[in-house]
Amino acid sequence: LVSWNSMLTAYAQSGRIQEAKCLFDRMPHKDSISWNAMATAYAQNGNLQEGKRVFDSSPNQTVVSWTVMITAYAHNGQIEEARKLFDKMPQKNVVTWNVMLSAYAQNTDFAEAKNIFDKMPKRDVVSWNAMLSAYSQNGLLSQARSVFDAMTIKDPVSWNILLTAYAQNGQMDEAENLFNRMPEKDAATWNAMIGAYAANGQLHEARELFDRMTQRNVVSWTAMMTAYAEKADFKEAMSIFIEMPQRNVVSWNALVSAYAQKGFPEEAKKLFDLMPHHDVSSWTSMVAAYAQNGHIDQ
RNA sequence: UCAUUUCAUAACGG
């Protein structure tokens with residue numbers, strides 16, 4: 001059962017819902033983890049309807065099931081609906097509270113986010129990070145800084161949030177400063193800095209970090225590839241693509257989209273046809289490629 | 001083995 005659930009989750013996380021559903025239907029036994037994983041698979045791929053159907057058919061709804069649904073509504077912009085479930089559910093845990101907090105935060109309802117934050121029975125580092133992220137993503141740097149400074153526990157995510165905020169605000173020196181000062185870096189730290197350099201046109205600095213990085217993951221590779229592709233250096237971009245130890249649908253999309261945007265729709269189409277699986281972004285990239293290059297009918 | 005916060009891709013919106 002654990003193996004089946006793991007496979008189900010793996011499909012879900014890579015966006016292969018058809019395969020996930022097929023597996024789910026063939027499972028000899030299912031537990032609540034299976035049902036929750038299936039509901040999550042739908043929800044994370046924008047199919048709230050099916051997600052809800054799975055939730056409604058689940059033999060037993062756990063706190064995770066409810067939390068999954070709240071997340072699904074929130075990501076779909078239905079914050080009121082999310083709140084209704086939140087108020088209605090039998091018990092909540094810290095994750096449930098964090099989900100509701102993030103929902104308001106991402107909806108830029110800082111007051112309600114803060115309200116939840118103050119009311120929750122227990123806070124963890126994710127709760128703090130969610131508040132920090134809310135301010136950061138809306139360019140409210142001084143508020144973000146206050147939250148950051150008030151935090152008694154920080155993890156690499158906390159630092160990464162603030163680092164990205166400064167970089168996106170054009171304060172590369174402050175971003176670099178955080179990068180150098182932080183006690184512990186994870187892969188996302190390096191990736192954030194690489195992305196910041198790339199967005200700032202500092203391709204050489206980006207590459208230097210990429211080369212120094214020991215924990216390179218698919219995000220690092222894709223970010224570096226995109227950096228070259230945006231400069232129309234397809235030779236280097238392609239060579240990175242070929243070298244990449246793993247690719248996911250985002251890596252493929254990035255390259256397809258780059259060719260499309262630089263005026264090579266036929267190259268884009270070739271890659272598109274080679275992709276193991278397409279998502280909404282893949283299709284919209286191709287549509288945009290043809291539209292922008294005068295092939296409306298394609 | 002399932003749910004929440006940060007980093008890579010399209011469109012949308014500014």
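No hydrogens, no waters, no symmetry mates; every other heavy atom, side chains included, goes into these values. Order of the sequence lines sets the chain letters (A, B, ...), proteins ahead of strands, with each chain counted from 1.
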Check: A:W221 ring centre within less than 6.0 Å of A:F241 ring centre: no
Between P of B:A8 and CZ of A:R216, the distance in whole Å: 19 Å
Any A:Q168 side-chain N or O less than 4.0 Å from OP1/OP2 of B:U6: no
Side chain of A:S281 (C-beta onward), nearest among B:U9, B:U4, B:C7: B:U9
Pair of N/O donor and acceptor under 3.5 Å linking B:A3 base with A:N93 side chain: yes
Side chain of A:A254 - closest among B:A10, B:A8, B:U9: B:U9
Sugar-phosphate, base or nothing in reach of A:Q137, heavy atoms under 4.0 Å: sugar-phosphate
A:W190 CH2 to B:C7 C1', straight-line distance once rounded to whole Å: 14 Å
Donor + acceptor pair across side chains of A:D279, A:S282 (<3.5 Å): yes
By salt bridge (Lys or Arg N to Asp or Glu O under 4.0 Å) - contacts of A:R83 (at least two apart): A:D87, A:E112
Sugar-phosphate, base or nothing in reach of A:I161, heavy atoms under 4.0 Å: sugar-phosphate
Sugar-phosphate, base or nothing in reach of A:D186, heavy atoms under 4.0 Å: nothing
Sugar-phosphate, base or nothing in reach of A:V68, heavy atoms under 4.0 Å: sugar-phosphate
Sugar-phosphate, base or nothing in reach of A:A188, heavy atoms under 4.0 Å: base
Sugar-phosphate, base or nothing in reach of A:V99, heavy atoms under 4.0 Å: sugar-phosphate
Protein-nucleotide distance (A:M131, atom CE; B:U6, atom P), rounded to Å: 14 Å
Side-chain-base donor-acceptor pair under 3.5 Å for A:D279 and B:A10: no
Atom pair distance, as rounded to whole Å: CG in A:N45 and C1' in B:C2: 15 Å
Proximal nucleotide (of B:U9, B:A3, B:C7) relative to the A:T164 side chain: B:C7
Value in whole Å for how far the C1' atom of B:C7 lies from CE of A:M225: 15 Å
Distance, rounded to the nearest Å, where A:W128 contributes CH2 and B:U5 contributes C1': 14 Å
Close side-chain approach of A:R207 to A:D211, heavy-atom, < 4.5 Å: yes
Between CE on residue A:M238 and NZ on residue A:K235, distance to nearest 0.5 Å: 12.5 Å
Given B:U1, B:A8, B:A11, the nucleotide with the shortest approach to the side chain of A:A288: B:A11
Length of the line joining A:D155:CG and B:C7:P, which is rounded to integer Å: 13 Å
Below 4.0 Å: OP1/OP2 of B:U4 and any side-chain N or O of A:Q44: yes
Whether A:D31 side chain and A:I33 backbone form a donor-acceptor pair below 3.5 Å: yes
Proximity to the side chain of A:V64 - top-ranked nucleotide from B:U1, B:C2, B:U5: B:C2
Under-3.5 Å donor-acceptor pair between A:T284 side chain and B:A10 base: yes
Proximal nucleotide (of B:A11, B:A3, B:C2) relative to the A:T71 side chain: B:A3
Length of the CD1-P vector between A:I70 and B:C2, whole Å: 19 Å
Nucleotide of B:U4, B:U1, B:A8 approaching A:N5 most closely (side-chain heavy atoms): B:U1
